[in-house]
Amino acid sequence: MKVTFMKQAGRRPESSTAEVLETGQIPSVVKDVLEGTEFIDVHTHLFAPSFGKLGLWGIDELLTYHYLEAEFFRSSSSTPDEYWLLSKSEQADAIWQTLFVENTPISEATRGVIAVLKAFALPTDGPNLTEARSFFKSQELEAHIQRVFEIAGVSLVVMTNDPLDSEEMAAWKNGIQEHPRFRAVLRLDKILRHWPAHWGVLAAQGYKVDAQASGKSVAEVQRFLSDWHARMRPMYMAVSLPDTFLYPEDSLGNKLLCEAVLPSCRELDLPLSLMIGVRSQVNPAIRLAGDAVGRADLRALENLCRTFPKNRFLVSVLSRENQHELCVYARKFSNLMPFGCWWFMNNPSIVEEITRERIEMLGMTFIPQHSDARVLEQVIYKWGNTRRTLAPILSNAYRLLAEDGRSVTREDIQRDVTRLFRGNAESWMNLKER
Ligand code: FIX
Ligand code: ZN
């Protein structure tokens, strides 16, 4: 309905031909705008094709995802030790049999696999994986990536790149061909959380560092970061931190954080991503699936934001109990950008809760979600679910705005959705499409 606005104080310019929506129209327009906007996925564990086998895709990888392994060990009589003796395809067969044949695939992660199979018109209730395997085997990777990103409504994904991972290091040193859809991130867990076990790798590459991070170590770590910045052109630097993370605290990790990493981020104009709240390997027997969550003391974050006002902090917290605090801190510190509903938070009931309070407290000044995809095709269901969960939340927020006396237009909704899923990331990461 195109109308010329009646002159109202502080309202849209008379000349505006923006389409004012009836309240009843809002849900379909929100759905349409969410579906029509390509998102930027700010945190994944995906790799561009030139990283070879580091990039996971296809049905066997989808089924042996650690989220599904955790669920498998709850329903199967197999022990983890027996499971790890199986080949990848035998593991995938066991998970399919247990979670998709003998049980109803009703959990978030199992439903995800069903959604991917449906997206490629593959059987979702077959007794085995034969048809799915031959389908994925027949895909040409580059064309498959384009198709998957199109279905997922994603234009760009940000990888997680570990400069101390031997396989990845070799790939970068052999020269990585840039891919327009994949961007790098400098992940620093080994430096900031496991220095004693990893300083030797830097030393072996000629950086004058030592176990105590003394002497030239800080300057040499900065040289290391600047060398990898030139090699990777990362969107940000990142680290995941345990629920026990404290700042200030006299530790090697905090020394390297404050004296090397944060100054380098300022110098290179990069945000630092802090993903806080993991309890690593509470059950090592189930490997990647063995991490858990703990409530963190977010005063550490408060102290970092206040002490380093010139640094930008991209933050995601793993514990449900920390979500509200993070929202409040974001109202206090404009150098803090909350992003995503990370890992165990990435379930519709919790995404709904987190996103509603973020809209109520932060307006459009946050990044609602990231996929954390480890397998290429996961972006299909993770972003499909995000659009499905956010549509009623956004619609309700606009309905409240209209009821309170401000009409809503399609242009408003498009501007806001673009900001949430592109603009905030682009401005915080100096991200320009290449
Ligand atoms: O630290 C991280 O980036 C986490 O996302 C991963 O370690 C975790 O295993 C994961 O896949 C979560 O979705
Ligand atoms: Zn991750």
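Keep in mind that what you see is a predicted model, and the values were worked out from it rather than measured. Any value given below was found using the heavy atoms of this structure, including those in side chains, with hydrogens, waters and symmetry copies removed. Atoms within a ligand are numbered from 1 in the order they appear, just like the ligands themselves.
- A donor-acceptor pair shorter than 3.5 Å cannot be found between the side chains of Tyr398 and Asp412.
- With Phe245 as the aromatic partner, Arg193 does not meet the cation-pi criteria of under 6.0 angstrom to the ring centre and within 45 degrees of the ring axis.
- Sorted by chain and number, the protein atoms of type N, O or S within less than 2.8 Å of the Zn ion (ligand 2) are His43 NE2, His45 NE2, Asp372 OD1.
- With no hydrogens or angles considered, no side-chain donor-acceptor pair links Thr389 and Glu352 at under 3.5 Å.
- Around ligand 1, the residues contributing at least one heavy atom under 4.0 Å from the ligand are His43, His45, His66, Tyr67, Arg187, Ser240, Trp342, Trp343, Asp372, Arg374.
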- Message: Under the criterion side chain to side chain donor-acceptor pair (under 3.5 Å), I'd like the reasoning laid out for Trp342 against Asp372: C-alpha separation, chi angles, the key distance, then a yes or no.
- Response: CA-CA 8 Å; Trp342 182 27; Asp372 228 322; 3.1 Å; yes

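- Judged by distance alone, the side chain of Glu168 and the main-chain N or O of Asp162 form a donor-acceptor pair under 3.5 Å.
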- Can Gln91 and Asp60 be said to form a side chain to side chain donor-acceptor pair (under 3.5 Å), step by step? CA-CA 8 Å; Gln91 290 172 343; Asp60 288 336; over 6 Å; no

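- Remark: Asn347 pairs with no residue by the side chain to side chain donor-acceptor pair (under 3.5 Å) rule, at least two apart or across chains.
- For the 3.5 Å distance criterion, the side chains of Glu142 and Gln146 qualify, holding a donor opposite an acceptor.
- Screening residues 81-95 for salt bridge (charged side-chain N to carboxylate O under 4.0 Å, His left out) gives Glu61-Lys88, Asp93-Arg133 as the qualifying pairs, with residues at least two apart or on separate chains.
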